[in-house]
Number of protein chains: 2
Amino acid sequence: MLKRKITLKHIAKELEVSISTVSKALKNSEEISKDTKEKVQAFAKLYNYRPNNIALSLKNKRTKNIGVIIPDIVHHFFTTVFRGIEKYANAHGYNVIACVSDESFDKEVINMELLANGSIDGFIMSLSAGTQEKNDFNHLKEVLEQGIPLVLFDRVTDEVECDKVVLNDAEIAYEAVKSLIDSGKKKVALITTESYFNVSTYRAEGYKKALQDHGLTFDPNLVLTLPYDDVASEPLINEFFETKEMDAVFCVNEIFAVFSMGVAQGLGYQVPEDIAFIGFTNGILSRFSKPALTTVAQHGDRMGEIAAKMLIAKVENENLEEEPTYRTEVIAATLIKRDSTL
Amino acid sequence: MLKRKITLKHIAKELEVSISTVSKALKNSEEISKDTKEKVQAFAKLYNYRPNNIALSLKNKRTKNIGVIIPDIVHHFFTTVFRGIEKYANAHGYNVIACVSDESFDKEVINMELLANGSIDGFIMSLSAGTQEKNDFNHLKEVLEQGIPLVLFDRVTDEVECDKVVLNDAEIAYEAVKSLIDSGKKKVALITTESYFNVSTYRAEGYKKALQDHGLTFDPNLVLTLPYDDVASEPLINEFFETKEMDAVFCVNEIFAVFSMGVAQGLGYQVPEDIAFIGFTNGILSRFSKPALTTVAQHGDRMGEIAAKMLIAKVENENLEEEPTYRTEVIAATLIKRDSTL
DNA sequence: TATCAACACGAAAACGGTTTCGTTGATTTG
DNA sequence: CAAATCAACGAAACCGTTTTCGTGTTGATA
């Protein structure tokens with residue numbers, strides 16, 4: 001009962017014409033007589049003929065697939081970026097092959113090498129923690145040397161020359177901290193992650209600069225550094241709030257923010273009156289926390305769309321082999337004011 | 001400076017042997033002399049030769065890709081399932097092409113048809129809201145008729161015969177509501193979504209049965225039906241809590257639970273003493289809400305892994321064209337007890 | 001009537017592999 | 001010494017398309 005996929009060959013045999021004639025007839029070529037074209041097209045429609053994508057890919061040396069490698073998929077920001085990529089890609093006839101590096105250098109390398117052997121026309125990726133820690137980007141460089149376009153987003157590196165999409169991390173952090181200071185806060189703390197995440201570094205820079213520009217001195221004691229996105233570090237956070245004095249906290253992600261807000265509340269602090277909080281990433285956690293969290297919207301959808309747009313532009317211009325020029329697009333984040341700040 | 005990918009043809013020309021010889025030499029065929037094999041293998045390693053995936057796919061009629069179509073990607077449950085699929089698939093040499101149907105019937109159909117033309121070896125999917133509402137499954141049936149394996153998960157339908165992975169929705173809902181009753185609650189409300197989501201229907205059934213089995217009568221007034229995952233329905237929820245009397249609420253997702261918990265708290269109710277809450281989906285929202293939400297863990301990772309396992313098994317046994325037999329695997333959910341219940 | 005377009009179609013190469021089936025030249029066998 | 005065997009390799013088909021380049025038939029032209 002299996003209706004196996006029909007091919008040009010089947011149509012040709014059935015209609016007693018050649019494969020070339022069928023192919024041309026389906027493309028409405030002028031070469032073919034009206035009669036034959038109608039016959040072939042009718043037959044093709046009847047049997048629901050669709051050309052085989054793999055054969056087309058081989059012939060055209062274009063797969064219409066783009067590879068996306070992200071560190072984590074159960075993560076609000078990355079999923080929004082992914083959604084943006086998928087949306088734009090799909091609208092332009094591309095499919096998305098998704099790989100999760102799981103923050104591991106090795107997985108990132110393996111996935112890239114696998115996909116680089118013809119499966120995709122280009123890559124969009126965000127560096128894994130392992131890769132940033134190791135500072136080894138040879139897999140990226142090799143891919144580029146083979147002429148495969150690559151777009152990095154969010155977690156990027158200066159070590160490789162390619163298109164990039166990043167957030168204005170330092171600026172938005174500056175703005176966020178400034179808004180805390182403007183509201184009267186004097187002792188603004190920072191909760192951040194290990195420094196090999198360059199985005200955290202940029203956010204910390206914005207934080208420091210905002211303090212200095214507004215007559216406050218940077219106090220290393222008011223900086224708490226935690227393992228990435230991990231809340232097993234509860235005791236550290238507890239200790240931080242018990243031993244330090246502060247009236248505002250800027251966090252590099254929403255989990256840190258919401259969790260530490262809870263800790264502070266547990267210690268009897270009023271939010272935002274005693275301590276105000278600002279997070280990063282505008283996910284459901286921020287929207288539904290008590291109080292609702294003031295946070296930085298990263299506009300992942302837009303980031304994804306732009307990354308996809310840049311990549312597809314490169315892919316489709318690959319034939320005109322001019323020396324490629326690379327751009328870095330900066331997405332402007334937005335501070336979403338809610339109830340965890342004054 | 002472009003190091004274009006090297007092919008068998010290049011190696012053959014360079015070494016002045018035939019393409020067949022190169023191919024065999026790389027596979028360590030006994031047919032080829034030791035000398036030639038060493039020469040070829042050394043050359044291939046030097047130039048980092050990797051066979052072209054597309055060519056292999058065309059030849060083998062196997063792409064080693066599996067297509068995953070989910071309604072939404074910015075969604076905790078679906079991302080965990082996706083992670084499970086990706087993990088298992090990757091470990092078994094498969095890549096995952098991800099498509100988001102965006103809850104739309106049309107997009108689901110388009111994506112399926114696109115991928116069904118040779119791009120993938122099989123599908124894993126969860127039905128979009130549109131498809132469930134329309135009750136049209138011809139795209140699934142056609143794919144099956146073409147001999148492409150399909151595994152449905154979570155949002156499934158009886159209308160199509162294929163492998164399925166589902167949660168024991170009714171049972172776990174029964175258990176959840178029972179636990180509320182056991183703790184002394186007498187008026188348990190239900191907050192659910194439009195009924196064309198069969199999972200919501202099953203959960204509602206478990207809810208009703210638990211009430212009846214424990215001497216409580218089902219009161220339709222204590223059921224609030226909301227649009228899917230949408231919290232624009234805030235006034236409805238407010239009205240619900242203002243006008244009805246209850247001492248516990250069972251919700252079909254975590255957003256409804258956390259949001260309505262906030263509404264109840266705003267009205268002066270103590271959680272869980274005055275009103276207890278149980279949600280569905282064990283996402284970050286549940287973990288970080290105040291109080292932390294008692295909820296149903298759906299074990300998406302496991303669901304994804306099992307779905308991938310079933311699919312790959314079918315794909316790899318496709319050759320032995322016996323009449324396929326279909327299974328429905330039931331994943332046992334777990335009730336995670338936290339602080340929103342007594 | 002010989003010439004020449006125009007027309008409608010087919011053969012074959014190409015994309016990059018795998019694999020079956022020769023085809024050599026050298027060695028072993030009777 | 002002729003015949004059979006064997007080791008080592010190449011030719012060609014195949015997967016499903018697209019596309020270039022013939023080629024045979026017609027009708028018009030000189």
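Every chain is numbered from 1, with letters handed out A, B, ... down the list of sequences. This one's a predicted model, so the numbers in the text were calculated from it and none came from an experiment.
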Kindly point out which of [options] is positioned nearest to the side chain of [X]?
X: B/Thr7; options: C/dG17, C/dT18, D/dG16; result: C/dG17
X: A/Thr36; options: C/dC9, D/dG16, C/dC15; result: C/dC9
X: B/Val17; options: C/dG16, D/dT19, D/dG10; result: D/dG10

Give a yes or no on whether a donor-acceptor pair under 3.5 Å exists between the nucleobase atoms of [N], that is its base, and the side chain of [X].
X: A/Lys24; N: C/dG10; answer: yes
X: B/Ser33; N: D/dA8; answer: no
X: A/Ser20; N: C/dA11; answer: yes
X: A/Lys59; N: D/dT18; answer: yes
X: A/Lys61; N: C/dC15; answer: no

- prompt: Of B/Ile97, B/Val96, B/Val81, which meets side-chain contact (heavy atoms from CB on, under 4.5 Å) against B/Val68?
  reply: B/Val96
What is the distance, rounded to the nearest whole Å, between atom [atom1] of [X] and atom [atom2] of [N]?
X: B/Lys27; N: C/dG17; atom1: NZ; atom2: P; value: 10 Å
X: A/Glu30; N: C/dC9; atom1: CD; atom2: C1'; value: 15 Å
X: A/Ile32; N: D/dT18; atom1: CD1; atom2: P; value: 13 Å
X: A/Asn60; N: D/dG16; atom1: CG; atom2: P; value: 16 Å
X: A/Asn28; N: D/dT19; atom1: CG; atom2: P; value: 14 Å
X: A/Glu38; N: C/dA8; atom1: CD; atom2: C1'; value: 15 Å
X: B/Glu31; N: C/dG22; atom1: CD; atom2: C1'; value: 11 Å
X: B/Leu56; N: D/dG16; atom1: CG; atom2: C1'; value: 15 Å

- request: Please determine if a side-chain N or O atom of A/Lys9 lies less than 4.0 Å away from the OP1 or OP2 oxygen of D/dC15.
  value: yes
task: Output yes when at least one side-chain N/O atom of A/Tyr49 is less than 4.0 Å from OP1 or OP2 of D/dT17, else no.
output: yes
- prompt: So, for B/Phe78 and B/Phe82, is the gap between ring centers shorter than 6.0 Å?
  reply: no
task: Assess the pair B/Tyr49 and B/His10: is the distance between their ring centroids shorter than 6.0 Å?
output: no
query: Say you draw a straight line from CG of A/Asp136 to CG of A/Asn138; how long is it, rounded to the nearest 0.5 Å?
result: 4.5 Å
Pair B/Asp121 + B/Lys64, salt bridge at N-O below 4.0 Å: no
